[in-house]
Every structure is written in structure tokens, then in C-alpha cells.
Amino acid sequence: MASFLDRRLMPIWLALAAGLVAVGLGIVMGEASAEKANLAARWTARAALPFFLIAYSASSLLRLWPNDVTRAFMRRRRQWGLGFALAHTIHLIALGTNLLVFQDFRPDVTLLGGGLAYGLIYLMALTSNNWSMRKLGKNWKRLHTIGIHYTWLIFAISYAGRLGDKDMFLTGAIFTPILLGALGIKLYVRFKPLTAAQGAG
Ligand code: HEM
């Protein structure tokens, strides 16, 4: 298992497969074309979420539960992040189809909030290499901390918003706690005292 997770390009191929399966499911399950495109947008966002969560939580999971799996997540965190960017690009294509082909317009606040998230996601993807890390120095960390938390926020708002919709309540009730849990783990690890083995004292 850990050796599979440690394969360098595995997260990227997996993300491509997950995004394409999500689009395929939308096409098969929807009835009219507009519904197919809407389901494809919905499920591509869902397919991208696990890749985001692994990249977001890898360091915290390793601190809490050091084992072969969490070490492999941490070693390949960059690839999980790039996998997320790829899967979310498929969401962008699906929602672009909704907007441009089916005129399924979204409120300005969604376009602005989601658009800014895409800007940050692509800046993070473009700077996910050693050269950019060296060049940007402390700003690299700032960009990635702001970018990943802002992306978390858009996911959390999208799913929490579903709690108020009786048809989508279950989706919100499943994914909102998962996102809050990921944030909770991050905050716990950030503020818990270091043990002696981790360099306290
Ligand atoms: C301009 C940018 C964006 C637009 C126009 C947009 C549009 C859409 C559309 C049309 C859907 C399907 C709606 C439905 O289920 O009825 C959707 C679902 C979703 N989008 Fe986006 N999106 C954008 C960016 C983003 C970003 C950046 C994120 C996350 C960081 C995101 C996360 C989600 C989530 C979580 C869902 C619901 C998936 C589910 O039900 O499991 N979206 N979006």
C-alpha cells in the first residue's frame, strides 16, 4: 500500500482518472444535456476534494500518526496538490460548459470567490517546484498558506451552503464536517505543545 502511494506520478494519474470518471457519470446519469453538464460540474468538484484534503492535511497527519502511509502522503504532497489542480481544472471545464453552452449563470459573488480560488490554485501549481521555492523564499510559504486556506474556505462555504437546501442537505451534512475536521486537525497540530522527540525543550 505505502509503496503504491509513494509512486511519484500516481496522484496525478489518479486525479485525471477521477475527474474523467466524474464527467462520465454526469453524462450517463443526467437526462437532458443541461442536467448532464450540471452533474458533471457537481461530481468533478467532489472528485477533486480527496486530492485537496490529502495535500491540505499531509503534514498534520504525519505529525499525529507517523507511519508508512502518512510518510508517503507527505513525500508526495506536491503531487497530491498538482493532482488537485488537475482535477479542479476538469471542474472548471465542466462549469465553463454550464455557463457558456447552457447559460447556467451563477451569482457574481460565486464567480468572484471561485475565480479568485482558481487564480490561487494555479499560482500554487505553477510555483510547486524547487526553483520557485528558492526564488520566492518566505513569500512562497505565504502564498501557499493563504492559497490552501482560501481554497478550503470555498469548499467549506460550498458544502455548508447545501445544508440549507433540502434536496442537497445530505451532501452538506457529509462533507461539511469532513472539511471542519481537516481544519480542526490542522489547528490541533499547530497549537499542541511539541513532544521531546519533536524538538521541545
Ligand atoms: C467561478 C468559479 C466557479 C463556478 C462558476 C462554479 C460552479 C459550480 C457548479 C455549476 C456546480 C454544480 C452545482 C450543482 O450541484 O447544482 C458546482 C459545484 C461545486 N463546486 Fe464549483 N464552481 C466554481 C469554483 C469552485 C471552486 C474554486 C471550488 C472549491 C475550491 C468549488 C467547489 C464546488 C463544490 C464543493 C461543489 C459541490 C459539489 C458536490 O455537490 O459534491 N467550485 N460549482
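Note that the structure is a prediction, hence the values are computed from the model and not measured. Positions are given from 1 along the sequence.
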side-chain contact (heavy atoms from CB on, under 4.5 Å) between F73 and R77, intermediate numbers included: CA-CA 6 Å; F73 280 156; R77 185 164 69 154; over 6 Å; no

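- We find the CH2-OG distance between W152 and S57 to be 11.5 Å, quoted to the nearest 0.5 Å.
- In this structure, H88 has its ring center at least 6.0 angstrom away from the ring center of F51.
- A pairwise comparison of heavy atoms in G147 and M124 identifies C-CE, 3.5 Å as the closest pair.
- Checked by atom type and distance alone, the side chain of N67 pairs as donor or acceptor with a backbone atom of W65 at under 3.5 Å.
- Side-chain contact between K192 and L64: present, with at least one pair of heavy atoms (C-beta onward) separated by less than 4.5 Å.
- At least one side-chain heavy atom of Y159 sits under 4.5 Å from a side-chain heavy atom of R46.
- Side chains of T89 and Y118: a donor-acceptor N/O pair is absent below 3.5 angstrom, by distance only.
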L14 vs M10, test: side-chain contact (heavy atoms from CB on, under 4.5 Å). Steps then yes/no. CA-CA 6 Å; L14 205 59; M10 183 275 294; 3.8 Å; yes

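- In this structure, the side chains of L5 and V69 come closer than 4.5 Å at one or more pairs of heavy atoms.
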Is there a side-chain contact (heavy atoms from CB on, under 4.5 Å) between T151 and F52? Walk through the geometry before answering. CA-CA 9 Å; T151 307; F52 170 76; 3.7 Å; yes

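- Going from atom OG1 of T70 over to atom CZ of R75 covers 9.5 Å, rounded to the nearest 0.5 Å.
- No continuous path of ILVMFWY side-chain contacts below 4.5 Å connects L16 to W80, so the two sit in separate hydrophobic clusters.
- K36 places no side-chain N or O within 3.5 Å of a backbone atom of V28 that could act as its donor or acceptor partner.
- Between I54 and F84, every side-chain heavy-atom pair lies at or beyond the 4.5 Å cut-off.
- Between D165 and R162 there is no salt bridge, since none of the side-chain N atoms of the basic residue sits less than 4.0 Å from a carboxylate O of the acidic one.
- Enclosure of atom CE in M168 by more than 12 non-hydrogen atoms of other residues, nucleotides or ligands within 6.0 angstrom is indicated.
- Side-chain contact check for W140 versus R134: every heavy-atom pair is 4.5 Å or farther apart.
- No continuous path of ILVMFWY side-chain contacts below 4.5 Å connects L95 to I93, so the two sit in separate hydrophobic clusters.
- In this structure, G83 and A15 approach most closely via the heavy-atom pair O-CB, 3.1 Å.
- By the side chain to side chain donor-acceptor pair (under 3.5 Å) test, T171 is found to be paired with no residue, residues two or more places apart in sequence or in another chain being considered.
- Here the rule is side-chain contact (heavy atoms from CB on, under 4.5 Å) with H144, and of T127, L120, L123 only T127 fits it.
- Y150 contributes a side-chain N or O that, together with a main-chain N or O of G113, makes up a donor-acceptor pair within less than 3.5 Å.
- Among all heavy-atom pairs drawn from I154 and S158, the shortest one is O-OG, 2.6 Å.
- The two residues A18 and A47 have their closest heavy-atom pair at O-CB, 3.7 Å.
- Residues R78 and N130 bring a donor and an acceptor atom of their side chains to less than 3.5 Å of each other.
- Cluster annotation: L180 is connected to F175 through the hydrophobic network of ILVMFWY side chains, with a link wherever side-chain heavy atoms come within less than 4.5 Å.
- Two residues are said to be in side-chain contact when any heavy atoms from C-beta on lie closer than 4.5 Å; L179 and L183 fail this criterion.
- The backbone N or O of A37 lies less than 3.5 Å from a partner atom in the side chain of N98, making a donor-acceptor pair.
- With rounding to the nearest 0.5 angstrom, the CG atom of L9 is 10.0 Å from the CG atom of L82.
- No single ILVMFWY cluster, assembled from side-chain heavy atoms under 4.5 Å apart, contains both I90 and F155.
- Enclosure of atom CD in Q103 by more than 12 non-hydrogen atoms of other residues, nucleotides or ligands within 6.0 angstrom is indicated.
- Under a hydrophobic clustering in which Ile, Leu, Val, Met, Phe, Trp and Tyr are joined whenever their side-chain heavy atoms come within less than 4.5 Å, directly or via other members, I27 and W43 fall into different clusters.
- Contact record, A41 with H91: O-ND1, 2.8 Å, taken as the closest heavy-atom pair.
- Side chains of S132 and N129: a donor on one and an acceptor on the other come within 3.5 Å.
- Atom CG of residue L163 and atom OG1 of residue T176 lie 4.5 Å apart, to the nearest 0.5 angstrom.
- In this structure, the separation between CG on L112 and CZ on R106 is 15.0 Å, given to the nearest 0.5 Å.
- With values rounded to the nearest 0.5 angstrom, I185 atom CD1 is found 13.0 Å from R63 atom CZ.
- When each of K141, K135, R142 is paired with N139, the side-chain hydrogen bond (donor to acceptor under 3.5 Å, both in side chains) condition holds for R142 and for no other.
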Passes side-chain contact (heavy atoms from CB on, under 4.5 Å), L92 versus Y122? Steps please. CA-CA 12 Å; L92 183 61; Y122 290 126; 3.8 Å; yes

